[in-house]
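Worksheet: one structure, shown below.
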There are 2 protein chains.
Amino acid sequence: MTEIEKTLDNKSVRPTAMRILIYKFMAGKQNAVALTDIENAFEKAERTTLYRTLKTFEEKGIVHQIDDGTNISKFALCQPGCNCEIDQDLHLHFHCGQCDKTVCLTEHKIPHINLPAGYIAEDANLVIKGICDSCSDH
Amino acid sequence: MTEIEKTLDNKSVRPTAMRILIYKFMAGKQNAVALTDIENAFEKAERTTLYRTLKTFEEKGIVHQIDDGTNISKFALCQPGCNCEIDQDLHLHFHCGQCDKTVCLTEHKIPHINLPAGYIAEDANLVIKGICDSCSDH
DNA sequence: AGAGTGGTGCAACAGAAGTGCATTTAATGG
DNA sequence: CCATTAAATGCACTTCTGTTGCACCACTCT
Ligand SMILES: [Mn+2]
Ligand SMILES: [Mn+2]
Ligand SMILES: [Zn+2]
Ligand SMILES: [Zn+2]
């Protein structure tokens with residue numbers, strides 16, 4: 001049993017061939033991926049399978065969905081310490097307008113916001129747009 | 001020349017009948033609207049016209065586009081003091097999971113975030129999800 | 001081996017976003 | 001006021017993402 005199989009098993013997700021491939025693909029990427037990205041990465045991939053796999057992964061806390069403002073859902077593996085299911089790991093995301101990549105800034109949490117009376121916060125999404133470190137000549 | 005016509009004229013947008021109607025509709029709403037919302041509000045509305053009108057409005061700083069995480073673009077009129085075009089009026093938005101309405105919290109600005117080295121911020125989007133004041137029994 | 005559960009593949013659909021082009025509308029100049 | 005002309009609109013069509021139904025396949029458990 002490989003490391004990935006163990007990870008999936010821990011989250012009660014049956015480690016099928018396809019799921020392991022998808023997990024591996026996402027683990028190898030530094031940035032969040034869209035469903036289409038995965039689809040293009042494999043010749044023999046069904047969009048539906050990917051779609052449902054990502055949904056399963058999300059429900060089981062293996063990946064989290066990211067809305068980076070492009071109106072295309074992105075997904076990224078949850079980090080070891082990230083409790084996405086429970087109290088939401090409210091880290092922020094960065095979307096680069098140049099390379100169009102979206103990355104998790106896991107260390108940077110969303111600050112607490114005071115809302116007007118009557119408003120109850122349950123979740124938050126903060127996306128910074130700009131130029132990423134790869135695209136800026138830093 | 002009505003107040004609305006003056007507003008459009010100030011932003012160098014020709015105040016056509018349709019544009020005035022759309023502007024009025026948005027001004028009467030307390031929440032951000034989707035293109036479909038406007039389409040449904042008028043019997044005789046072409047989606048394309050609405051689409052291009054909103055785009056024009058956005059380019060001229062009359063409305064700003066809001067990405068509230070539903071993957072459906074919402075639009076809201078810019079407030080008098082809001083400089084959406086220039087240095088981005090970084091107020092936050094609230095999306096209610098119950099009534100599905102999205103509102104501008106114009107008074108609540110997005111706090112400054114320190115990014116890792118190499119990252120250059122140009123824009124930011126912060127959406128809080130939860131229960132709005134109308135839906136909570138405040 | 002057979003039953004049963006869950007995963008996958010295929011087809012089809014829904015909805016939003018976007019484009020090309022013909023036609024209408026409205027501002028402008030004579 | 002009418003003709004000219006550019007902008008705005010209406011219509012048809014396309015693309016892309018997301019989503020569902022259903023049949024088939026794979027694995028597990030008895
Ligand atoms: Mn993330
Ligand atoms: Mn707003
Ligand atoms: Zn970049
Ligand atoms: Zn509400």
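What you see is a predicted model; the values in this text were computed from it and never measured. The chains referred to below are lettered A, B, ... by the order of the sequence lines, with proteins before strands, and numbering in each begins at 1.
- R47(A) comes within contact range of at least one nucleobase, with a heavy-atom separation under 4.0 Å.
- Checking K55(B) against I72(B), the closest nucleotide of DNA chain C that is more toward the 5' end is the one next to I72(B).
- Nearer the 5' end of DNA chain C, as judged by each residue's closest nucleotide, is the contact made by T48(A), out of E39(B) and T48(A).
- Atom pair N71(A):CG and dT15(D):C1' shows a separation of 15 Å (rounding to whole Å applied).
- Nearest heavy atoms, E5(B) versus P15(B): CG-CB, 4.0 Å.
- Side-chain nitrogen and oxygen atoms of Y51(B) include none within less than 4.0 Å of the OP1 or OP2 phosphate oxygen of dA17(C).
- I20(A) and V33(A) end up in the same hydrophobic cluster when Ile, Leu, Val, Met, Phe, Trp and Tyr side chains are linked at under 4.5 Å.
- Look at CG on L54(B): it is 14 Å from C1' on dT9(D), rounded to the nearest Å.
- Of the N and O atoms on the side chains of N114(A) and H108(B), not one donor lies less than 3.5 Å from an acceptor on the other residue.
- For F75(B) and F57(B), the ring centers sit 6.0 Å or farther from each other.
- One finds a side-chain N or O of T36(B) lying less than 4.0 angstrom from the OP1 or OP2 phosphate oxygen of dA16(C).
- Residue T49(B) places at least one side-chain N or O closer than 4.0 Å to OP1 or OP2 of dG10(D).
- L35(A) has its CG atom 15 Å from the C1' atom of dT8(C), to the nearest Å.
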_Before you tell me yes or no, could you show the steps for L77(A) and M26(A) under side-chain contact (heavy atoms from CB on, under 4.5 Å), namely the whole-Å CA-CA distance, both residues' side-chain angles and the distance that decides it to 0.1 Å?_
CA-CA 7 Å; L77(A) 290 182; M26(A) 293 183 76; 4.0 Å; yes
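- Rounded to an integer number of Å, the gap from CD1 of I20(B) to C1' of dA8(D) is 13 Å.
- In this structure, the CD1 atom of I38(B) is 13 Å from the P atom of dA16(C), given to the nearest Å.
- In this structure, R14(A) atom CZ and dA26(D) atom C1' are separated by 8 Å, rounded to whole Å.
- Nearest-nucleotide mapping onto DNA chain D: of V13(B) and E46(B), the residue sitting toward the 5' end is V13(B).
- If you take CZ of R19(B) and P of dA7(D), they are 11 Å apart, rounded to a whole angstrom.
- Each of R52(A) and T56(B) lies near DNA chain D, and the nucleotide nearest T56(B) is the one positioned closer to the 5' end.
- When the side-chain nitrogen and oxygen atoms of T16(A) are compared with OP1 and OP2 of dA26(D), none of them lie within a distance under 4.0 Å.
- Put simply, NZ on K74(B) is 12 Å from C1' on dA16(C), counting in whole angstrom units.
- Taking only side-chain nitrogens and oxygens, T53(A) never comes nearer than 4.0 Å to OP1 or OP2 of dG7(C).
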